[in-house]
Colleague: 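Next up is a structure, given as structure tokens.
FYI, side chains are in, hydrogens and waters are out, and symmetry mates aren't considered; it's all heavy atoms of this structure. Note on naming: letters A, B, ... go to the chains in the order of the sequence lines (proteins, then strands), and numbering restarts at 1 for each one.
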2 protein chains.
Amino acid sequence: MRGVPTNSVDIVLCTAHDRQLAVLLVRDESKRARERWTLPWAPVAARDTLDHAAARDTLDHAAARVALRAAGARASWLAQAGAFADGSRHPGGAALSVAYVGVTRPRALGPSTGAHWFPAGDLPPMAPRHRAIIDAALAQLRERMDRAPVAFRLLGATFTLSELQAVYELLLGRRLHKASFRRALQGAFLVEPTDEWKSEGRGRPAQLFRYAPRRQRGGRGGRGGRGGVRFELLGG
Amino acid sequence: MRGVPTNSVDIVLCTAHDRQLAVLLVRDESKRARERWTLPWAPVAARDTLDHAAARDTLDHAAARVALRAAGARASWLAQAGAFADGSRHPGGAALSVAYVGVTRPRALGPSTGAHWFPAGDLPPMAPRHRAIIDAALAQLRERMDRAPVAFRLLGATFTLSELQAVYELLLGRRLHKASFRRALQGAFLVEPTDEWKSEGRGRPAQLFRYAPRRQRGGRGGRGGRGGVRFELLGG
DNA sequence: ATAATTAGTAGCTAACTGCAACTAATGTCA
DNA sequence: TGACATTAGTTGCAGTTAGCTACTAATTAT
């Protein structure tokens with residue numbers, strides 16, 4: 001916290017933890033912090049953005065660095081979630097915060113990194129701006145699930161269809177119908193079966209699949225946006 | 001342009017102009033500008049964000065002010081489209097730009113305001129960052145059409161269903177099927193008929209409707225997000 | 001063996017989309 | 001005046017898709 005206010009990049013990194021959607025928070029190290037947690041963040045100096053004219057996108061790279069440092073591993077998906085500059089003070093005093101939302105595969109955090117996974121529905125007290133960022137980031141995560149393969153990035157190279165459905169349900173926050181889910185998935189040519197099967201202890205073993213999107217058959221899909229208009233979401 | 005780099009708010013304001021989607025640009029007043037156009041923008045001083053703790057969202061208000069000044073009227077819809085800070089220089093030297101996308105009803109621009117509507121498909125040379133902002137803003141505009149009543153904001157208080165469909169086709173950049181469009185609209189309880197009719201010269205007069213969303217009947221819609229998962233958009 | 005549990009599939013119905021064809025109301029023009 | 005063009009608005013049909021219910025399949029627990 002120098003004299004000149006800086007911009008910051010703040011990350012809402014999500015994972016599946018203990019059958020719940022969890023967000024990564026780190027301990028707030030500033031003096032007046034009393035048992036507080038913050039999102040992982042880093043300042044973005046104005047200098048940086050002017051010096052490296054070659055950089056494809058300064059903000060994206062800064063976000064990737066912050067996520068890597070906080071979680072100990074690369075985020076497997078990361079996208080910008082917006083800029084926040086309302087009055088509520090930022091833990092680091094940043095004038096403006098660029099928020100990112102991402103996912104990373106569940107793994108153990110290194111000890112004493114000061115980071116911890118919190119269930120998204122049970123977060124500790126935080127700075128108002130960080131609370132707002134989390135709300136917006138989780139909302140955008142859900143909206144983007146049908147445009148980016150977020151769910152697949154939360155899984156390993158191979159997975160069962162039940163695992164995939166569980167991730168969708170976790171991220172969307174609602175139950176899905178098994179038969180419909182599989183029919184839609186099959187029709188989208190997104191996964192292909194492997195020769196391996198996975199037995200989880202109880203019940204029938206499940207076949208393992210891998211994410212292997214093939215170019216769409218002329219059907220509905222396609223980037224151009226076919227199909228009718230969806231008026232259903234325009235409540236008020 | 002003082003010594004300290006500032007942040008900026010840059011607006012991609014759209015309207016229907018001459019049967020085409022048009023973007024509002026203003027003349028670049030800076031010295032080394034040779035016949036160049038830029039998006040309407042304004043600096044956001046770091047001070048502002050710290051002083052007015054009461055302001056709901058500093059950035060949204062700044063964006064609304066910029067749009068009002070450039071177009072001479074309030075934007076009827078406005079949403080944040082992301083933060084941009086790649087190497088490409090900003091016309092005003094801003095280190096970081098927060099982009100907004102909005103729409104405003106077609107109207108005559110005041111004379112000699114330095115602003116002009118350009119067809120979205122035929123834009124003049126601009127700073128690379130502004131070009132990137134426009135691309136991202138128009139993409140987001142299309143994605144948000146089914147979550148926010150953007151099309152209705154481009155129309156007056158009453159409108160014919162053909163006018164509504166034309167706006168949808170303009171913003172989406174593709175043709176829609178008349179019967180399906182109307183059936184979906186009727187099923188969503190979004191508009192209600194008025195007693196007035198509008199005759200456009202040729203052809204049968206059209207009934208005027210007004211935007212009056214009623215709370216959804218138990219059907220598909222609802223904010224909670226019903227319906228199956230849309231895998232079709234996950235190409236690669 | 002039998003029950004419990006999980007995986008995976010099939011049939012039915014309801015809803016929705018696109019298509020084609022139709023009726024309705026107005027202006028244009030011979 | 002009457003045929004024609006133009007735009008509005010509706011209807012019936014076929015194909016597709018989603019959700020529901022119910023079923024079979026394969027494994028572990030008792």
Colleague: How many Å lie between CG on Leu164(B) and C1' on dG9(D), as a whole number?
Modeller: 15 Å
Colleague: Whole-Å distance between dA8(D) P and Gln186(B) CD?
Modeller: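 Those two atoms, CD and P, are 17 Å apart.
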Colleague: Provide, to the nearest angstrom, the distance between the CZ atom belonging to Arg174(A) and the C1' atom belonging to dA18(D).
Modeller: 12 Å
Colleague: Surrounding CZ of Arg202(A) (heavy atoms of other residues, nucleotides or ligands, distance under 6.0 Å), is the total greater than 12?
Modeller: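 Atom CZ in Arg202(A) is not packed in, count stays at 12 or less.
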Colleague: Nearest whole Å is fine: how far is dT7(D) P from Leu161(B) CG?
Modeller: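 So the two atoms are 16 Å apart, to the nearest Å.
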Colleague: What orientation do Phe152(B) and Tyr211(B) show, parallel under 30°, tilted 30 to 60°, or perpendicular over 60°?
Modeller: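 The rings of Phe152(B) and Tyr211(B) lie parallel, inter-plane angle below 30°.
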Colleague: Atom OG1 of Thr158(B) and atom CD of Glu163(B): how far apart are they, to the nearest 0.5 Å?
Modeller: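 Thr158(B) OG1 to Glu163(B) CD: 8.0 Å, rounded to 0.5 Å.
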Colleague: Is it the case that more than 12 heavy atoms not belonging to Arg131(B) sit under 6.0 Å from its CZ atom?
Modeller: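 More than 12 heavy atoms, drawn from other residues, nucleotides or ligands, come within 6.0 Å of this atom.
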Colleague: With a non-hydrogen cut-off below 4.0 angstrom, is Ser180(A) in contact with a base, only sugar-phosphate, or nothing?
Modeller: base
Colleague: Which residue, Lys178(B) or Phe181(B), contacts DNA chain C at a nucleotide closer to its 5' end, judged by nearest heavy atom?
Modeller: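 That would be Phe181(B).
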Colleague: Let me know the distance between CZ of Arg175(B) and P of dC19(C), rounded to the nearest Å.
Modeller: 12 Å
Colleague: Leu176(A) has an atom CG; how far is it from atom P of dA7(C), in whole Å?
Modeller: 15 Å
Colleague: Using atom CZ of Phe159(B) as one end and atom C1' of dA8(D) as the other, report the distance to the nearest whole Å.
Modeller: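 To the nearest whole Å, that distance equals 16 Å.
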Colleague: Please list residues of residues 196-205 of chain A whose heavy atoms come under 4.0 Å from any atom in DNA chain C, ordered by number; otherwise none.
Modeller: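 When residues 196-205 of chain A is checked for heavy atoms under 4.0 Å from DNA chain C, the hits, listed by number, are Arg202(A), Gly203(A), Arg204(A), Pro205(A).
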Colleague: Heavy-atom nearest nucleotide on DNA chain D for Arg182(B) versus Gly228(B): which residue maps closer to 5'?
Modeller: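 Counting from the 5' end, the first nearest nucleotide belongs to Arg182(B).
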Colleague: Looking at Arg183(B) and dG18(C), is any side-chain donor or acceptor paired with a base atom of the opposite kind under 3.5 Å?
Modeller: yes
Colleague: Of all residues at least two apart in sequence or in a different chain, which pass the side-chain hydrogen bond (donor to acceptor under 3.5 Å, both in side chains) check with Glu192(B)?
Modeller: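 Applying side-chain hydrogen bond (donor to acceptor under 3.5 Å, both in side chains) to Glu192(B) gives Arg210(B).
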Colleague: Nearest to the side chain of Ala184(A), heavy atoms from C-beta on, is which of dT17(C), dG18(C), dA18(D)?
Modeller: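 Looking only at heavy atoms from C-beta outward on Ala184(A), the closest nucleotide is dA18(D).
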Colleague: Verify the neighbour count for atom CD of Glu143(A): are there more than 12 heavy atoms of other residues, nucleotides or ligands below 6.0 Å?
Modeller: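 Yes, because the 6.0 Å sphere around CD of Glu143(A) holds more than 12 heavy atoms from other groups.
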Colleague: Nearest to the side chain of Ser162(B) - dG8(C), dA8(D), dC20(D)?
Modeller: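 Of all the options, the side chain of Ser162(B) is nearest to dA8(D).
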Colleague: Just wondering, more than 12 heavy atoms not from Arg74(B) lying within 6.0 Å of its CZ?
Modeller: no
Colleague: Checking contacts here: which listed nucleotide (dC19(C), dG9(D), dT9(C)) is nearest the side-chain heavy atoms of His177(B)?
Modeller: dC19(C)
Colleague: Once you round it to whole Å, what is the distance between P of dA15(C) and CD of Glu232(A)?
Modeller: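 Between P of dA15(C) and CD of Glu232(A): 14 Å.
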